[in-house]
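Remarks on the structure that follows.
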Amino acid sequence: MCFGCLGVLILATSGFATEVPPLLEAKLTSKDELRGTFEQTKTTAEGEKYVMRGFYHLRPGLDFTWKTLDPFETVFHATKEKYTYSNEDESVTRLLKDMPSSERFTSLSEGDLSVFFKVFDALYKEENGRFFIKAKPKVRDLKVALERVEVEGTTDNWTLKAYFPNKTTFEIEFKDEIQ
């Protein structure tokens with residue numbers, strides 16, 4: 001999840017993105033730990049809303065944790081080699097290399113941000129200290145699953161919206177802890 005979310009942030013400064021803008025590059029390549037909270041809202045095509053809240057913790061080069069606290073507890077924890085998803089009923093561990101398109105996530109996690117530009121066409125804008133991103137997948141496997149992504153905010157308080165072909169949307173508000 002983290003790598004996908006971080007991948008969405010990788011864009012250039014005007015027109016279709018071809019390189020990472022300095023504002024986002026500094027955030028994405030930072031070696032500092034990152035902690036914060038999120039609120040995720042899933043909206044179905046019928047307008048039903050489901051809200052989840054929790055926290056995230058990224059230790060660059062080591063691991064990533066995404067923990068949902070409300071409405072129930074779940075944990076997604078990934079290292080460079082494997083990931084584990086657990087809830088009150090089960091715990092599943094898999095190798096990252098066995099995930100579909102895992103090479104994209106591996107590249108991003110190793111700091112190779114160019115992979116984003118291979119799979120998305122994106123527009124980027126900065127205004128009054130905020131950034132705005134609109135991205136559409138350009139590779140077939142993503143086009144089938146994802147219509148577009150929009151991101152806006154500041155580097156420590158931002159919102160990601162993902163739109164899917166079945167008219168479902170996910171909106172995730174991220175608020176980093178200021179250290």
Subject >> Donor-acceptor pair between Ser91 and Ser86 side chains, under 3.5 angstrom >> reply: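 There is no such pair (donor and acceptor under 3.5 Å, judged by atom type) between the side chains of Ser91 and Ser86.
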Subject >> His77-Thr65 side chain donor-acceptor pair, cut-off 3.5 Å >> reply: yes
Under 3.5 Å, which donor-acceptor pairs link side chains of residues 43-52 to any protein atom two or more places apart or in another chain?
residue	atom	partner	partner atom	Å
Thr43	OG1	Lys49	NZ	3.4
Thr44	OG1	Glu46	N	3.3
Thr44	OG1	Glu46	OE1	3.3
Thr44	OG1	Gly47	N	3.4
Thr44	OG1	Glu48	N	3.1
Glu48	OE1	Tyr50	OH	2.8

**OP:** Quick one: closest heavy-atom pair of Lys136 and Arg148, and the distance?
**Re:** CG-CB, 3.9 Å
Subject >> Test ring-ring contact (aromatic ring centres under 6.0 Å, His included) applied to Trp158 and Phe38, Phe132, Phe174, Phe131, the passing residue >> reply: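 The single option meeting the ring-ring contact (aromatic ring centres under 6.0 Å, His included) with Trp158 is Phe174.
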Original post:
Which pairs pass salt bridge (Lys or Arg N to Asp or Glu O under 4.0 Å) with one or both residues in residues 36-45, sequence neighbours excluded?
Top reply: Glu39-Arg53
Backbone N/O of [Y] and side chain of [X]: donor-acceptor pair under 3.5 Å:
X	Y	value
Ser30	Asp32	yes
Tyr56	Asp176	yes
Lys27	Thr155	yes

Original post:
Strictly under 6.0 Å, is that where the ring centroids of Phe64 and Tyr83 end up?
Top reply: no
Original post:
So do the side chains of Leu146 and Val149 get within less than 4.5 Å of each other, counting heavy atoms only?
Top reply: yes
Original post:
Counting heavy atoms not belonging to Lys167, are there more than 12 under 6.0 Å from its NZ?
Top reply: no
Original post:
Is any NZ, NE, NH1 or NH2 atom of the basic residue among Arg59 and Asp63 found under 4.0 Å from an Asp or Glu carboxylate oxygen of the other?
Top reply: yes
Subject >> Glu150 vs Lys161, salt bridge (Lys or Arg N to Asp or Glu O under 4.0 Å): CA-CA, chis, key distance, verdict >> reply: CA-CA 5 Å; Glu150 297 175 359; Lys161 287 184 178 181; 5.5 Å; no
